[in-house]
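Everything on this sheet refers to the single structure shown next.
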Amino acid sequence: MKRSTTRSYTLTFGCVLAGLIALLALVSLVWAPYAADDTSGGRLTGPGAGHLLGTDKLGRDLFTQLMTGSRVAFEAGLGSVLIAAAVGVTLGVLAAFAQGWLDDTLSAFLDILIAFPTLLLAMLIVAAHSATLGSAVLAIGLAQSAVVGRLVRVLVKRVLAQDYITAARTSGTSWPRIVTGHVLPNIWPTLVVNLALQFGLAVLAEAGLSYLGLGAPPPNASWGRMLQEAQATFTTAPAGALAPGILLVLLVIGVNLIADGLRDTLDPAARRRSA
């Protein structure tokens with residue numbers, strides 16, 4: 001019972017952290033205190049009634065920048081995860097069903113992609129195109145698809161070795177029906193947990209690209225670019241760096257807690273141990 005209570009608290013606390021930032025992102029779609037490119041606030045003014053967190057070195061409202069940055073973070077995280085899931089699951093299933101040299105080739109391809117750090121591979125892809133949020137999302141998603149594909153390959157091979165798969169094939173069930181009816185339902189709990197972790201990594205990767213000037217261009221605010229712009233004025237206006245840094249950490253922690261909670265909740269062995 002204690003294990004079950006801890007699991008519940010972990011998932012709940014993670015949902016609260018990520019949910020509050022998600023709410024901030026949703027509100028930014030319909031309302032913000034100021035326009036993203038409004039520089040009328042005065043340079044580096046402190047927190048006050050007109051500007052809750054003050055302004056940056058260009059006179060833009062920091063709270064507005066944080067709201068826009070939260071939306072960019074979720075767009076980057078969700079978009080990258082969708083791309084990673086679509087490409088990774090496809091490659092992983094193909095590699096699991098492949099035999100001989102094709103299996104070796106696909107496995108080697110995934111291993112080569114995994115060997116490259118996600119941020120480095122994303123930088124190479126973005127550098128070859130224009131620096132936009134779409135390019136960053138595509139780059140991060142493709143980089144993460146190798147990790148997802150490798151995991152899916154292992155999980156699918158494990159499922160294909162089970163007796164009920166042999167029985168299904170003996171009864172004449174086609175491979176597409178086996179994949180949709182037996183394979184995917186048995187791998188989705190582990191896959192969902194991994195994708196939740198990939199979401200947090202994608203948010204960090206986007207912030208890193210934006211910090212280097214390869215993420216969402218102005219006037220779209222990104223927490224990474226806010227950190228880069230605020231580093232020169234940290235001693236005089238620390239809120240410009242602390243606020244996006246804190247939100248970035250809280251979002252990643254929240255998503256990781258959700259992943260931990262989902263892992264324990266969706267793991268049958270964990271449920272039996274806590275019973």
Side-chain angles (χ1 to χ4, degrees), residues 18 21-22 25 28-29 36 65-66 68-95 105-153 191-231 244-245 247-249 251-256 258-259:
I21 301 177
S28 72
L29 294 173
Q65 298 287 300
L66 286 176
T68 306
S70 65
R71 186 177 73 243
V72 170
F74 272 92
E75 289 176 353
L78 292 174
S80 300
V81 165
L82 288 176
I83 294 173
V87 177
V89 170
T90 301
L91 289 178
V93 171
L94 290 176
T105 301
L106 290 174
S107 299
F109 175 70
L110 293 175
D111 289 340
I112 291 173
L113 288 180
I114 293 175
F116 283 90
T118 299
L119 185 58
L120 177 59
L121 187 57
M123 287 173 59
L124 294 176
I125 297 175
V126 171
H129 300 81
S130 58
T132 64
L133 179 59
S135 297
V137 169
L138 177 62
I140 297 170
L142 291 177
Q144 292 182 326
S145 64
V147 178
V148 176
R150 184 67 171 173
L151 174 65
V152 169
R153 176 183 176 273
L191 181 60
V192 166
V193 173
N194 183 261
L195 291 178
L197 293 173
Q198 295 302 318
F199 179 95
L201 294 175
V203 171
L204 288 175
E206 189 281 328
L209 289 174
S210 294
Y211 184 88
L212 297 174
L214 298 174
N220 294 313
S222 169
W223 292 339
R225 195 172 72 250
M226 291 180 67
L227 288 169
Q228 191 277 330
E229 293 174 348
Q231 64 180 4
L247 284 184
L248 181 61
V249 171
L251 178 56
V252 174
I253 290 176
V255 173
N256 285 342
I258 291 175

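Just so you know, these numbers come straight off a predicted model, no measurement behind them.
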Could you tell me the separation between the [atom1] atom of [X] and the [atom2] atom of [Y], rounded to the nearest 0.5 Å?
X: Ile253; Y: Ile258; atom1: CD1; atom2: CD1; result: 12.5 Å
X: Leu91; Y: Ser107; atom1: CG; atom2: OG; result: 10.5 Å
X: Leu78; Y: Ile83; atom1: CG; atom2: CD1; result: 11.5 Å
X: Ile140; Y: Gln198; atom1: CD1; atom2: CD; result: 11.0 Å
X: Ser145; Y: Ile114; atom1: OG; atom2: CD1; result: 9.5 Å
X: Leu209; Y: Ser222; atom1: CG; atom2: OG; result: 9.0 Å

List the atom of [X], the atom of [Y], and the distance in Å for their closest heavy-atom pair.
X: Ile21; Y: Trp223; value: CG2-CH2, 3.8 Å
X: Ala25; Y: Phe74; value: CB-CD1, 4.1 Å
X: Val252; Y: Gly200; value: CG2-O, 4.0 Å
X: Pro244; Y: Leu227; value: CG-CD2, 4.0 Å
X: Leu197; Y: Ala259; value: CD2-CB, 3.6 Å
X: Val255; Y: Phe199; value: CG2-CD2, 3.5 Å

Would you check if [X] and [Y] make a side-chain contact, meaning some heavy-atom pair closer than 4.5 Å?
X: Leu66; Y: Met226; answer: yes
X: Val148; Y: Leu191; answer: yes
X: Glu206; Y: Val72; answer: yes

Checking the side chain of Gln144 only, and the main-chain atoms of Ala84 only, is there a donor and an acceptor separated by less than 3.5 Å?
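Side chain of Gln144 to backbone of Ala84, a donor-acceptor pair under 3.5 Å: no, none is there.
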
For the side chain of Ser210 and the backbone of Ala207, is there at least one donor-acceptor N/O pair under 3.5 Å apart?
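No.
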
Using the side chain to side chain contact (heavy atoms under 4.5 Å, CB included) definition, which of the options Asn194, Leu110, Val89 pairs with Leu151?
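Answer after filtering Asn194, Leu110, Val89: Asn194.
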
Check against side chain to side chain contact (heavy atoms under 4.5 Å, CB included), Val137 and Glu75
CA-CA 8 Å; Val137 169; Glu75 289 176 353; 5.8 Å; no

